[in-house]
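Structure record follows, encoded as structure tokens.
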There are 2 protein chains.
Amino acid sequence: MTNTVIIVAGGRGRRMGRDIPKQFLILDGIPVIMHTLQRFYQYDNCMKIILVLPANEIFTWKNLCVEHKFTIPHQTVEGGEERFHSVKNALKLTGENEIVAIHDGVRPLVSGKTIARCFEMAEKTGAAVPVVEITESLRYFESPDRSVSVNRKNYMTVQTPQVFKSEILVAAYAQAYSENFTDDASVVEKSGHLITTVEGNRENIKITNPVDMEIAKILIEQRDFL
Amino acid sequence: MTNTVIIVAGGRGRRMGRDIPKQFLILDGIPVIMHTLQRFYQYDNCMKIILVLPANEIFTWKNLCVEHKFTIPHQTVEGGEERFHSVKNALKLTGENEIVAIHDGVRPLVSGKTIARCFEMAEKTGAAVPVVEITESLRYFESPDRSVSVNRKNYMTVQTPQVFKSEILVAAYAQAYSENFTDDASVVEKSGHLITTVEGNRENIKITNPVDMEIAKILIEQRDFL
């Protein structure tokens with residue numbers, strides 16, 4: 001089977017309060033997104049890598065590749081309106097009998113072990129996502145002013161890569177878009193397929209705001225987990 | 001009404017992988033726990049501050065106070081078996097008609113605004129806790145190998161201080177201990193009282209592992225939120 005990863009970097013990163021999209025910010029000498037591609041290339045240097053970028057950032061990206069002498073083979077695709085549409089665009093470049101991972105471009109600290117666990121499980125079950133424990137107490141809101149304590153041990157947060165057999169993923173993305181699709185697992189689940197979970201790695205944070213970027217700098221110095 | 005805060009620092013911090021308990025690690029020149037006490041003292045310099053420490057750390061704490069010329073008035077109390085028992089010990093030092101906050105010793109970055117919101121709301125409703133949005137996708141586990149996607153917008157994570165009218169808190173802590181008590185709100189809720197929620201502050205992290213300490217160092221440089 002071919003391994004494929006769709007790396008979604010469609011967002012503008014408005015929350016970072018800077019002009020540079022967060023996926024292009026420099027982390028340890030190179031743009032965040034280059035780390036992300038490296039992670040998957042290190043896991044499988046034959047992997048098909050599809051990078052989804054906003055149309056107006058593709059030129060910048062090509063220039064960054066030249067500037068940083070970045071040679072990992074990959075294809076670029078234009079993003080869509082929502083993440084759902086971006087993934088759907090990228091799926092046109094996938095074939096049959098592939099194991100397809102979808103990964104957030106701004107999660108450069110995914111470990112090789114997390115990637116391996118997801119791909120291995122997806123090959124068995126068709127759908128695997130990495131999860132991590134919740135360390136804080138949790139409340140469920142029945143309405144904005146009425147909440148109850150729930151046991152955090154019954155919940156886990158979901159990271160990426162979310163990995164699926166291609167036929168399952170393509171069928172799921174043939175559904176009409178819904179605002180309730182919070183991640184790829186929720187799209188696949190809606191189409192009737194069960195999702196299996198594997199252990200993620202706690203360092204695999206999503207760079208969403210300036211503090212996350214500072215945290216990523218600290219984490220990448222402790223490369224032993226990668 | 002008297003404002004009281006019970007600062008719970010009973011934990012050994014085994015997860016930090018160091019000999020020094022995490023509440024005594026140095027942050028911006030002084031032990032973590034001194035920052036925590038300062039936050040409440042800055043909100044109300046007449047507040048009754050009760051610090052719960054493991055019995056074998058009280059001497060170290062007294063020495064640290066001398067070393068750092070720490071003069072904020074407070075009482076120290078020995079911790080118990082579990083957090084529940086530590087809080088129960090401290091409650092013996094509270095009186096009637098008090099508004100009592102319970103706060104994690106290793107949350108030195110609680111903002112004055114968060115403290116104010118909790119105390120003001122608790123005075124109205126009897127029970128208030130600070131909450132923050134969940135930024136990652138969330139799954140609910142029916143069993144270890146069966147989970148479903150849930151809408152993260154219906155959930156929030158709970159921080160401290162968790163603030164209550166003293167009579168409500170004392171009545172709640174008269175209950176028998178249960179492993180399902182994940183925080184003070186869950187204890188009070190079990191006794192039949194509704195909990196109201198207010199906005200916390202995202203920087204109000206719990207220092208649990210070495211990376212959290214690095215994050216705290218970055219956050220405390222940006223003091224504008226405190």
Side-chain angles (χ1 to χ4, degrees), chain A residues 15 104 125 129 131-132 134-160 162 179-190 194-197 200 202-206 208-215 217-219 221-222 225, chain B residues 15 104 125 129 131-132 134-160 162 179-190 194-197 200 202-206 208-215 217-219 221-222 225:
Chain A
R15 271 179 285 185
D104 296 324
T125 66
V129 300
V131 291
V132 289
I134 296 174
T135 53
E136 307 261 17
S137 293
L138 203 59
R139 297 186 72 79
Y140 170 71
F141 283 73
E142 293 160 4
S143 68
D145 55 6
R146 178 103 188 200
S147 64
V148 289
S149 179
V150 293
N151 194 335
R152 67 175 175 221
K153 289 178 185 162
N154 294 336
Y155 294 84
M156 294 185 96
T157 55
V158 190
Q159 305 180 331
T160 71
Q162 305 197 347
E179 282 187 358
N180 294 328
F181 293 154
T182 55
D183 60 358
D184 310 294
S186 62
V187 178
V188 169
E189 204 163 57
K190 184 76 192 299
L194 284 182
I195 308 293
T196 46
T197 55
R202 194 154 280 290
E203 303 86 357
N204 183 17
I205 60 167
K206 190 169 177 175
T208 309
N209 58 53
V211 168
D212 297 331
M213 194 65 194
E214 297 301 318
I215 296 169
K217 285 178 187 168
I218 293 167
L219 290 169
E221 283 173 17
Q222 307 162 354
F225 69 86
Chain B
R15 271 180 285 186
D104 296 325
T125 67
V129 301
V131 292
V132 290
I134 296 174
T135 54
E136 308 262 16
S137 292
L138 202 59
R139 297 187 72 77
Y140 170 72
F141 283 72
E142 294 160 4
S143 68
D145 55 5
R146 178 102 188 203
S147 64
V148 290
S149 179
V150 293
N151 193 336
R152 67 174 174 222
K153 289 177 185 163
N154 294 335
Y155 294 84
M156 294 185 96
T157 54
V158 189
Q159 305 180 331
T160 69
Q162 306 197 347
E179 282 187 356
N180 293 328
F181 293 153
T182 55
D183 60 358
D184 310 295
S186 63
V187 179
V188 169
E189 204 163 57
K190 184 74 193 304
L194 284 181
I195 307 294
T196 46
T197 55
R202 195 154 280 290
E203 303 87 356
N204 183 17
I205 60 167
K206 191 169 175 173
T208 309
N209 58 54
V211 168
D212 298 329
M213 194 65 196
E214 297 300 319
I215 295 168
K217 286 177 187 169
I218 293 167
L219 289 170
E221 284 172 17
Q222 306 162 356
F225 68 85

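So that the names make sense, note that chain A is the first sequence line, chain B the second, and so on, each numbered from 1.
Contacts between B:T182 and chain A at a heavy-atom distance below 4.5 Å involve backbone atoms as well as side-chain atoms. For a residue to count as touching a neighbouring chain, one of its non-hydrogen atoms must lie under 4.5 Å from one of that chain's; by this rule B:Q222 touches chain A with the side chain only. Heavy atoms of B:R152 lying under 4.5 Å from chain A are absent altogether. Interface remark: B:D145 contributes no atoms to any contact with chain A (heavy atom separation under 4.5 Å). Looking at B:I218, only its side chain comes within 4.5 Å of chain A, counting heavy atoms on both sides.
Looking at residues two or more places apart in sequence or on another chain, you find a ring pair (Phe, Tyr, Trp, His ring centres under 6.0 Å) between B:Y155 and A:Y140, A:Y155. Applying the salt bridge (Lys or Arg N to Asp or Glu O under 4.0 Å) rule to A:E221 yields no partners; only residues at least two apart in sequence or on another chain are considered.
Put simply, the side chain of A:Q159 never gets that close to the backbone of A:G200: no donor and acceptor are under 3.5 Å apart.
Counting heavy-atom pairs under 4.5 Å between each of B:R202, B:E203, B:R146, B:E142 and chain A puts B:R146 at the top. For chain B, the option among A:N151, A:V158, A:V150 with the highest count of heavy-atom pairs below 4.5 Å is A:V158. With chain A as the partner, the residue from B:S186, B:S149, B:A185 showing the most heavy-atom pairs under 4.5 Å is B:S149. Residue with the most contacts toward chain B among A:V148, A:L219, A:V129: A:V148 (heavy-atom pairs, distance under 4.5 Å). For the options B:N154, B:T157, B:I134, heavy-atom pairs under 4.5 Å to chain A are most numerous at B:N154.
Atom CE in B:M156 sits 7.0 Å away from atom OG1 in B:T197 (nearest 0.5 Å). Atom CD in A:E136 sits 9.0 Å away from atom CD1 in B:I205 (nearest 0.5 Å).
Looking at B:E179 and A:K153, no side-chain N of the basic residue comes within less than 4.0 Å of a carboxylate O on the acidic one, giving no salt bridge.
For the residue pair B:T196 and B:T125, a side-chain donor N or O sits within less than 3.5 Å of a side-chain acceptor on the partner.
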